[in-house]
Protein chains: 2
Amino acid sequence: MSEQKNIQNLKSLSIDHDSPVPLHLQVEKILRDMINDPEYQNGKFLPKEVDLSKRLGISRNTIRQATNRLVQEKLLTRKKGVGTKVAKKQVETKLSNWVSFSQEMHAQGINFRNYEIKVSKIKADAEISEQLEVKEGQELFKLERLRGLDNGPFVYFVSYFHPRVGITGNEDFERHLYDILEHEYHTIPVLSREQISAILANKFLAVKLGVPINSAILQRKRVVYDPGNRPIEYNIGYYRADQFTYSIDIKR
Amino acid sequence: MSEQKNIQNLKSLSIDHDSPVPLHLQVEKILRDMINDPEYQNGKFLPKEVDLSKRLGISRNTIRQATNRLVQEKLLTRKKGVGTKVAKKQVETKLSNWVSFSQEMHAQGINFRNYEIKVSKIKADAEISEQLEVKEGQELFKLERLRGLDNGPFVYFVSYFHPRVGITGNEDFERHLYDILEHEYHTIPVLSREQISAILANKFLAVKLGVPINSAILQRKRVVYDPGNRPIEYNIGYYRADQFTYSIDIKR
DNA sequence: GTTTGCATAATGTCTGAACAAAAGAACATA
DNA sequence: TATGTTCTTTTGTTCAGACATTATGCAAAC
């Protein structure tokens with residue numbers, strides 16, 4: 001009925017039937033944008049499936065393929081016979097345990113700084129491909145950050161983002177990373193699968209972190225997943241072991 | 001081909017087209033049973049979709065509706081052009097539900113050995129006193145264990161026990177430590193507060209672990225608490241970083 | 001006024017079919 | 001030996017349509 005206007009706004013243009021990107025993923029992207037739109041955040045119903053289908057020129061089945069996932073991520077709620085709308089925001093995480101580095105620091109009232117920030121586009125090698133579950137050679141964004149306190153950097157971070165997330169490279173990476181993901185991209189990390197090991201500083205790390213070669217470095221690799229168990233980010237952190245200890249409480 | 005036998009075993013009977021339970025849910029149930037079947041846990045491929053479809057008398061789409069979810073739960077893995085099989089249980093060193101070292105190893109079917117076991121009585125120094133919340137100079141038991149696989153030790157453990165526990169020094173430390181605590185001393189560990197860092201091997205560790213001096217060592221200090229938040233054990237583990245990675249899943 | 005029942009609107013389930021894309025095997029070529 | 005080339009197998013994607021199920025509003029019946 002009154003949805004017409006918005007449906008027009010749906011950049012149907014952005015659906016590219018010739019793109020190698022499957023339609024259901026393109027639809028998912030569009031839906032995520034809609035979820036972002038304040039218009040739909042006030043409990044207003046999304047266009048109904050049949051309309052979406054017609055307007056985008058995509059079968060209803062394919063539309064549902066996309067919405068199914070978003071429903072699973074609890075971004076959308078559907079009710080039979082009624083409609084689909086954006087889910088009420090979950091009670092903003094009182095994430096006791098894991099938060100991003102800057103949030104950790106922030107919470108402790110510690111002044112952290114970014115010494116270097118670099119964004120680049122790279123092709124996935126074997127390791128990245130395995131961790132992010134993408135094909136080898138897949139293009140994706142790499143984010144490098146050298147961070148620390150006023151007295152100097154103490155961690156060097158390298159992040160790789162799954163293309164699905166839609167990082168453009170123009171984000172303001174001074175902000176909390178997971179803030180960006182959550183609010184700009186509606187990608188909510190709920191699981192972090194971490195592997196921690198010890199290595200010796202090679203020349204590169206030694207220079208970056210300002211330590212002698214062969215110093216002890218705490219290496220933390222982690223893959224961060226969304227509620228649908230899909231990988232979002234593969235992150236490797238190299239910490240000066242003399243200035244950083246990884247702490248965690250494990251309950252059973 | 002050779003799947004025929006199993007497909008017969010698929011109680012196709014259990015599909016009830018008149019049931020109010022949607023077919024895709026019934027299929028999911030059947031698949032979950034298959035996943036539990038040891039037959040399929042050894043990397044054997046599940047019947048292909050088209051066969052399942054035929055045998056169960058259900059369209060391939062509906063089959064996929066069910067498998068999609070199981071793939072999402074990472075119970076199944078599919079590969080285009082190849083097939084679908086039960087996902088490898090990824091129990092590397094998952095401390096998600098944390099257990100003791102030997103239990104971890106045991107669960108993975110790995111043969112671990114004790115290379116050295118030594119019990120002694122010592123007086124608490126400043127560090128131990130702080131961690132175990134006892135007075136400095138307090139007498140308590142120290143347990144040292146050098147452990148590893150058949151190819152040699154890869155971790156050196158030092159444990160200090162709070163006197164409250166009542167360790168006598170005559171326990172059989174070949175048993176699972178937390179078994180002893182739980183069954184002999186009715187002391188149940190429920191919280192582990194861990195600090196992980198990287199250090200370089202000193203001469204002592206180098207000899208014990210059979211690595212060169214200044215190799216990378218992963219150091220894990222942890223205090224284990226009982227349900228009343230009272231410290232039970234202070235444990236320091238020195239791991240050969242080339243043979244051990246600390247893995248953990250953090251959910252929020 | 002309250003209930004009952006019916007029409008309507010929306011999502012849920014299911015089908016059969018077609019073609020695309022990836023992996024692997026078999027084979028051929030340089 | 002190494003490298004393409006082609007074929008087969010199996011999952012991945014997409015479609016169009018049918019019918020089921022649930023919620024809601026409205027109208028008729030009590």
- Examine A:Tyr239 together with A:Tyr156 and report whether their ring centres are nearer than 6.0 Å. no
Taking only nitrogen or oxygen atoms into account, show me every contact under 3.5 Å that the protein makes with nucleotides 7-9 of chain D, one pair per line with its distance.
residue : atom : partner : partner atom : Å
D:dT9   : O2   : B:Gly81 : O            : 3.4

- From the list C:dT15, C:dT11, D:dT13, which nucleotide is the closest neighbour of the side chain of A:Pro22? D:dT13
- Find the distance B:Leu25:CG to C:dG12:C1' and express it as a whole number of Å. 11 Å
- Message: Does B:Asn61 contact C:dT15 through a side-chain donor or acceptor facing the base, at a distance under 3.5 Å?
- Response: yes
- Item | Any residue meeting salt bridge (Lys or Arg N to Asp or Glu O under 4.0 Å) with A:Glu130, in chain and number order, not counting sequence neighbours | none
- Query: Rounded to the nearest Å, what distance is computed from the CG atom of residue A:Asp51 to the C1' atom of nucleotide C:dT11?
  - Reply: 13 Å
- In terms of side-chain heavy atoms of B:Arg64, which of C:dG12, D:dT11, C:dT15 is nearest? D:dT11
- Message: Without decimals, in angstroms, what is the distance between B:Leu23 CG and C:dG16 P?
- Response: 11 Å
- Could you give the CZ-to-C1' distance, from A:Arg69 to D:dG12, as a whole number of Å? 12 Å
- Query: How long is the line joining NE2 of A:His24 and C1' of D:dC15, in whole Å?
  - Reply: 14 Å
- Query: NZ of A:Lys80 versus P of D:dC19: gap in Å, rounded?
  - Reply: 17 Å
- Query: Roughly how far apart are A:Tyr40 OH and A:Leu46 CG, rounded to 0.5 Å?
  - Reply: 6.0 Å
- Atom-to-atom span, CZ of A:Arg60 to C1' of C:dC14 - whole angstrom: 11 Å
- Message: Whether the B:Arg240 and B:Ser215 side chains hold a donor-acceptor pair (N or O, under 3.5 Å, no angle test) is what I'd like checked.
- Response: no
- To the nearest Å, give me how far apart NZ (A:Lys85) and P (D:dA23) are. 14 Å
